[in-house]
Each structure stands twice: as C-alpha cells, then as structure tokens.
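Everything on this sheet refers to the single structure shown next.
Just so we're on the same page: letters track the sequence lines, and every chain starts at 1. Scope of the values below: all heavy atoms of this structure, side chains included, with no hydrogens, waters or symmetry mates.
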Protein chains: 2
Amino acid sequence: MLELAVLGFLYDLPLHGYELRKRISALTGHIKPVAESTLYPAIKRLEKGGLLARETQPGSGAAPRHVLTLTPAGRAELRRRLAEPAEGEISDENRWFTLLAFLRHLEDPRAQAAVLQRRLDFLSRPTSFFYEGDRPLRAEEVEDPFRNGILTIARATSRAELAWLRRTLASLHAAAGD
Amino acid sequence: MLELAVLGFLYDLPLHGYELRKRISALTGHIKPVAESTLYPAIKRLEKGGLLARETQPGSGAAPRHVLTLTPAGRAELRRRLAEPAEGEISDENRWFTLLAFLRHLEDPRAQAAVLQRRLDFLSRPTSFFYEGDRPLRAEEVEDPFRNGILTIARATSRAELAWLRRTLASLHAAAGD
DNA sequence: TTGCAATACATCGGCACCGATGTATTGTCT
DNA sequence: AGACAATACATCGGTGCCGATGTATTGCAA
C-alpha cells in the first residue's frame, strides 16, 4: 500500500521524501497515518530495487533535499502492480482505494476495466461477516444491533460501489470501442 | 485487530485454536485472511500476558486440542479495549468493524454509546482523500473517474453509517433512560 | 532572545505478520 | 490400498512497521 502510493505519486512528478509524506498523509492519513520511520525505509527499499533514483539538491529547506525520480523500471513496476494487483488489493477497501487513486496511470481502458472487473467479481460473491453453518446471514437475521450495523453499512457500501463499477465499466468499454 | 477478535470470541465461550481460526476467518477472512502462523503466536502472547488459559484436552480430533478460556484479567481487558479503543480502531473501517462485532460485550449502553459517538465524530470531520491546498475536494470537482469513484463510494458509506449511528445512538440513549 | 513549530532527513530496537515447512491423526473418496 | 483433504498444532526466518530518538536549519511568535 505504501510502496504503491510512493510509486503512484512519483509517476506524475519527482518529489522529495517530505513532500511525498504530506501527499500520502492527505490521501490515506485520516484512515491510517503513515510514520516517517516507515516511509524512509520504504524509499530506500525501492531505491535499492532500482525503481527510483535520488538526486541530492542542497539549499531551500533545512536538511538537503533528496529529490526522488522513478526510473523506467519503476514506471514499469507501477503499471505492473496496477494491472496485476494481489488479491488483498482487491478485497481490502483501504488498499483498493490506494490502487484506485493511481489507476489512471494504466492508460489502456481495457486494462483498467479488467481491474475494476476483479473488484466487481469480489463484491458479487455472496459473503457475509456472520454465518449460520455455511449459510451467510442477512442483516435482518442478526439481532445484535452492532453486528446488524456492520451488515447494514457493508450492504450500503457494496450497493454504491457496484453501481459505480457498472457505470464506469460501461464508459470504459465505450472508450475502448467494445 | 487479531487479538481483539480472539478475546471477543472467547468472551462468549471457550474454544480451541483451530475453531477460533475458523470463526475469525468467517468474520474478516474475506477482507484480510488470517494466517495460522499469526494466530498461534498471538494466542501465546495473550496467554503469556495472563489474559487466557489453556487446558489440553486429548482425544476427539487429530492433535490434542488446547481449549482456551479467558481469565478474569482477559475479560476485563476485552472490556477495556472495547471501551477505550485506539484512534486506529475508530478510523480504520476494518478494525472498526471488528470492534463493532464485539461491542455488545460492553453491556452498559452509555459506554456503548460513547464508542459510537467517537466514530460519529470521526465521520463528521470534513476530510477528503484529495485536496487543493488545504481545501478538501468534493467528488464533483475531481475529474479522474477512479478518484471520483473513491469519493463517491466513501460518501455513500459515510451517509449510510451516519444514519445507522444516529439511529442506534438514539435507541441506546433511550435504553439508558437519557 | 528564548522557544517552538515546521522542514528534512535518518537510525535503531522491538515486535507483529507471513510463507514455508513439519508432525500426526482421522475420514473420505477412488 | 493409496491419495488427499481436513483437523490441530507448532516453529523459523525474513521482513515490514512503528515509536523513540537524533541532527540540523529556518522562521515566527512570545
């Protein structure tokens, strides 16, 4: 999730770590804050993997800035991660949102549609948080008001997202000329 | 999140690790699968902390079962974690849902209401995933269809959850005689 | 002028998580 | 008879995450 965000933001333009941190905080910070002690090692990892290069730029701020630029390998890697997301990227809303935030970088509407389709398939599978044996329970069958809330909210989210997915898939298919 | 689920399930009745795993998988497994190699160390941790006790029960299955029971300290700890959740439990939907799944164990409707109120406050804060300077952008202002989707879906979820929160808070206050 | 917040980076130790792998038994399908 | 899934636990190495802490500068407010 973190690495995807780093690659995603740098795909647009080179940034230094601190600026990157502010952008990631704005994107997902209200849900799950990003610690500096997580970001800087992540940058180092990506650098060691040849996905980004750093150029030290003195002046302007306090400590010398390290401006980070994606290498061609880094650009390819972002596109790969967007086109072939792990199952967790599809099922976990937090990670899915991060992926969505950068999906435009995939350019090919067919590839974008394929990713949305995976999320649609996931949301279409009949799953619940609560079961009676193997049978998923509906909200109406759950007496506990808090567990009922989980199902009520999840259903509303699912409905809204499915509608959006279908709408967006239609316009992507139109764009691709299908 | 994992520890909370363990404590939550055992609050109802003693279970062995394997059964615990199945219940946790049913609860959150479709979002984020739980690995055995994460569960067993977590059980050990809680045991070492004096929150649960294990009783070896031979027979029945394959390997001898370790039936896990919450100690009084474990029961108190669950109530404490439910009553005083960390900020991440409030902001992260996955963790919030886990908390909701066991909030009934808190019994006192006033304490339950206080927790729901924290979530309501969080959802009421004007935040976005995208900003222009400091100003949060509305869905209508975001051209990228995927980022627009994030805001559209988040708004629908938020609306549904706020309605549920207000409804449930009202009935909790009624139950508490406020 | 003293102090604090913001800018900008970095390290370290502890710990949680996970995939891989191992052990052993029961039940079922072929 | 043999294969395989399910039951039931456990360990180990690698790695990512995080809080605490450190360094150094700029700029604003008390």
Quick one: is dC9(D) close enough that its OP1 or OP2 comes under 4.0 Å of any side-chain N or O from Y18(B)? no
Residue R65(B), side-chain atoms from C-beta onward, closest of dA8(D), dC9(C), dC18(C): dA8(D)
Regarding N148(B) and T152(B), is there a side-chain donor-to-acceptor distance under 3.5 Å anywhere? yes
The side chain of R54(A) lies closest to which of these nucleotides: dA8(D), dC18(D), dC9(C)? dC9(C)
How bent is the helix from dT1(C)-dA30(D) to dT30(C)-dA1(D), comparing axes over its five end pairs at each side, to the nearest 10°? 30°
Rounding to an integer number of Å, can you tell me how far E19(A) CD sits from dT7(C) P? 9 Å
Between P of dC18(D) and NZ of K44(A), the distance in whole Å: 18 Å
Take the protein atom NE2 of H16(B) and the nucleotide atom P of dA6(D), then report the distance between them rounded to whole Å. 15 Å
Quiz question: going by heavy-atom distance under 3.5 Å, is there a donor-acceptor pair between the base of dC9(C) and the side chain of E36(A)? yes
K22(A) has an atom NZ; how far is it from atom C1' of dA8(C), in whole Å? 11 Å
What is the distance, to the nearest angstrom, from the CG atom on N94(B) to the P atom on dC17(C)? 14 Å
Any idea how F146(B) and W164(A) line up, ring-wise: parallel (<30°), tilted (30 to 60°), or perpendicular (>60°)? perpendicular
Interatomic distance where CD1 belongs to I24(A) and C1' belongs to dC18(D) [whole Å]: 15 Å
Using side-chain contact (heavy atoms from CB on, under 4.5 Å), reason through L172(A) and L116(A) one step at a time and then give a plain yes or no. CA-CA 10 Å; L172(A) 286 175; L116(A) 294 198; 3.9 Å; yes
Give a yes or no on whether the backbone of I90(A) and the side-chain of R119(A) come within a donor-acceptor separation of less than 3.5 Å. yes
Which whole-number value in Å describes the distance from L15(B) CG to dC9(D) P? 10 Å
Rounded to the nearest angstrom, tell me the gap between atom CZ in R21(B) and atom C1' in dC9(D). 12 Å
Kindly say if Y40(A) contacts the phosphate of dC9(C), meaning a side-chain N or O under 4.0 Å from OP1 or OP2. yes
Hey, is the side chain of H66(A) poking within less than 4.0 Å of OP1 or OP2 on dA10(C), counting only N and O atoms? yes
Heavy-atom side-chain contact between T28(A) and N94(A) under 4.5 Å: no
Whether the Y11(B) and R79(B) side chains hold a donor-acceptor pair (N or O, under 3.5 Å, no angle test) is what I'd like checked. yes
All N/O contacts under 3.5 Å from nucleotides 12-17 of chain D to the protein, with atom names and distances to one decimal?
{"unit_1": "dC17(D)", "atom_1": "OP2", "unit_2": "R45(A)", "atom_2": "NH2", "d": "3.4"}

Contact check, side chains of F130(A) and I150(A), non-hydrogen atoms, under 4.5 Å: yes
Whether R147(A) engages the ring of F102(B) as a cation-pi pair (distance to the six-membered ring centre under 6.0 angstrom, angle to the ring normal within 45°) should be assessed. yes
For residues Q117(A) and D121(A), is any side-chain donor paired with an opposing acceptor at under 3.5 Å? yes
